[in-house]
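Take a look at the structure set out below.
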Number of protein chains: 2
Amino acid sequence: MSVVLSRDSQVRVMEDTVTNAEKHLGQFCSMLAAYTRKTAQVRDKADRLVKQLTDFANTEHPEMRATLRSFAEDLAKVQDYRQAEVERLETKVISPLKLYGAHIKQTRAEIKKLKQVQKNEIKQLAKLGKLRQKSPSDRLTISQAETSVQRASADASHTTHQLGEMIEAFQKRKLTDLQKIFSDFVTIEMVLHAKAVEVYSSAFQTLENYDPERDLEDFRAKMHGLYGHRDARPLTETVSSPAVPWSLTGQSAQTALRGERREDEETMEASAEEDLRGRGRALHQ
Amino acid sequence: MSVVLSRDSQVRVMEDTVTNAEKHLGQFCSMLAAYTRKTAQVRDKADRLVKQLTDFANTEHPEMRATLRSFAEDLAKVQDYRQAEVERLETKVISPLKLYGAHIKQTRAEIKKLKQVQKNEIKQLAKLGKLRQKSPSDRLTISQAETSVQRASADASHTTHQLGEMIEAFQKRKLTDLQKIFSDFVTIEMVLHAKAVEVYSSAFQTLENYDPERDLEDFRAKMHGLYGHRDARPLTETVSSPAVPWSLTGQSAQTALRGERREDEETMEASAEEDLRGRGRALHQ
């Protein structure tokens, strides 16, 4: 009977292992999904800031215009990295945790089967005990019942052993998967942060180099009605964007550039919205 | 009359300058506040993950327990930096932009005064014109009206000049303030990202060094009912936390540690909630 008790405690350890994994991995999954959603929202807010910076740049004098555009481009780059972060968190962190749901369900079904087998062993043992008490002289029936107990015990022993190996494999997979998932989380975060440091370093330089003096000269000229001076300065002089290969001067060039930017912005916004919708679906599944 | 027209167009440039600043700086302020709020929410989600990691660590075998605790501590450190980021964004980015509200209101009041002065000039001019038409021979009244026009013109000229200087100063301050505010934004973000790279590098190493073998030995022993072995291993061997100066072994030590961590976590959570509430108020003002 002590073997039966030992098997029973083994099953309890197995059940606890699976229940604990189910509870905590499920919580990790939903918490990391929430973290990822909030990160996507930071990206969205920054995307709006990028758009606003670009709109504002178009109302400013050339030096500030170029500075703001360059800053907006850098800010947009960081959001691209954040978008990559969000996508990679979904693929390498949230999805593997989600897969545990099915894995745990399957393991739980195996434990249930084992419990049936153990129940049968106990039933056979009880039957044998009753027979021995009621008809101690009925050797044949007792012998048959003993065979049934032996068969049921062998079955229980075999199944417990098999399931033990399965649960050990389950635990091992859980440990190495968690190691992998959290390592991936850290790596994904590190990539974002490292890239952001790189991009913001360049943005900082651009902002540092801005000198308001020439813009103020333009502003004075405009205020005192000396139009023309402002547009005489070639725009490309201070525009660092590689998207402007030709030399632009004057108002019409400014309008052209503005149209171009707006289109870019709209495409970006549209795809960002699409992303969010797609993402919202994925995360709420 | 062309002087009057020129003054009129100057006022229009002034008004446009202030209106443009009001519109865009206001939008920057609310967008950066939204960005900051979302960042605070990312911090909150990560704080929950820290708590969950600590709770889960307490249910795991020693090696994984130590690994998860170390990872949770690193993740918490990054949130401390994020909290600093949020506070600095409020102080150095959002607050200066908020201050523009009052500044713009004041400048707008000055422009209104100037418009009154200009209106008076036009009124005096009209009066003089009417007099000349109606009573061209009334030299005395015409002369008085001429003096009034001269006085109103001098007043308008003086006020326009003064306001011109004020608007120029306004524009200059706007340009240098934006340069400073965006530079500060970039610096604050850079500090967070650089610190996060540092902390996550160490977290990555901890996770890489985790070896599930010893935990699996413990698990096997537990499953086969060989209790005692698991708790015989000193916990401090793999615990990198400086918060545990004494040597801890066995179940009671684990419970003590758990209690200690919980308290820390609760304090942290409570203050985080308080922060958010405080922040929510500040940002919605």
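Computed from a prediction, not measured in an experiment: that's the story for all the values here. Residue numbers begin at 1 in each chain, while the letters A, B, ... track the order of the sequences.
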Largest heavy-atom contact set with chain A, pairs under 4.5 Å, which of [options]:
| options | result |
| --- | --- |
| Val186(B), Thr176(B), Leu49(B), Asp16(B) | Val186(B) |
| Ala203(B), Ala46(B), Ser183(B) | Ser183(B) |
| Asp74(B), Val11(B), Leu207(B), Asp211(B) | Leu207(B) |

### Spacing of NE2 belonging to His61(A) relative to CG belonging to Leu175(B), to within rounding of 0.5 Å
8.0 Å
### Query
Which distance, rounded to the nearest 0.5 Å, do you find between the CD of Glu208(B) and the OG1 of Thr187(A)?
7.5 Å
Side chain, backbone, both or neither: which part of [X] has a heavy atom under 4.5 Å from chain A?
| X | result |
| --- | --- |
| Met190(B) | both |
| Thr39(B) | both |
| Thr17(B) | side chain |
| Glu213(B) | side chain |
| Ile167(B) | both |
| Phe182(B) | both |
| Leu53(B) | both |

Chain B: which of [options] shares the most heavy-atom pairs with it under 4.5 Å?
| options | result |
| --- | --- |
| Gln10(A), Met64(A), Glu168(A) | Glu168(A) |
| Asn20(A), Val42(A), Leu178(A), Leu32(A) | Val42(A) |
| Phe71(A), Phe28(A), Phe204(A) | Phe28(A) |

### Task
Evaluate whether atom NZ of Lys195(A) has more than 12 neighbouring non-hydrogen atoms of other residues, nucleotides or ligands under 6.0 angstrom away.
no
### Parallel, tilted or perpendicular: rings of His193(A) and His193(B) (30°, 60°)
tilted
Determine whether [X] and [Y] make a side-chain contact, defined as any pair of heavy atoms from C-beta on separated by less than 4.5 Å.
| X | Y | value |
| --- | --- | --- |
| Glu60(B) | His24(A) | no |
| Lys51(A) | Gln27(B) | no |
| Lys38(A) | Lys38(B) | yes |
| Lys222(B) | Gln171(A) | no |

## Note on the structure
Sequence neighbours excluded, the answer for side-chain hydrogen bond (donor to acceptor under 3.5 Å, both in side chains) partners of Arg82(A) is Gln79(A), Tyr35(B)
### Task
Just do the side-chain contact (heavy atoms from CB on, under 4.5 Å) check on Leu75(B) and Phe185(A) with the steps written out, would you?
CA-CA 11 Å; Leu75(B) 197 58; Phe185(A) 172 86; 3.8 Å; yes
### Query
When you measure from the side chain of Gln179(A) to the backbone N and O of Tyr210(B), does any donor-acceptor pair fall under 3.5 Å?
yes
### Residue pair Met223(B) / Gly164(A): nearest heavy atoms and the distance that separates them
CE-O, 3.3 Å
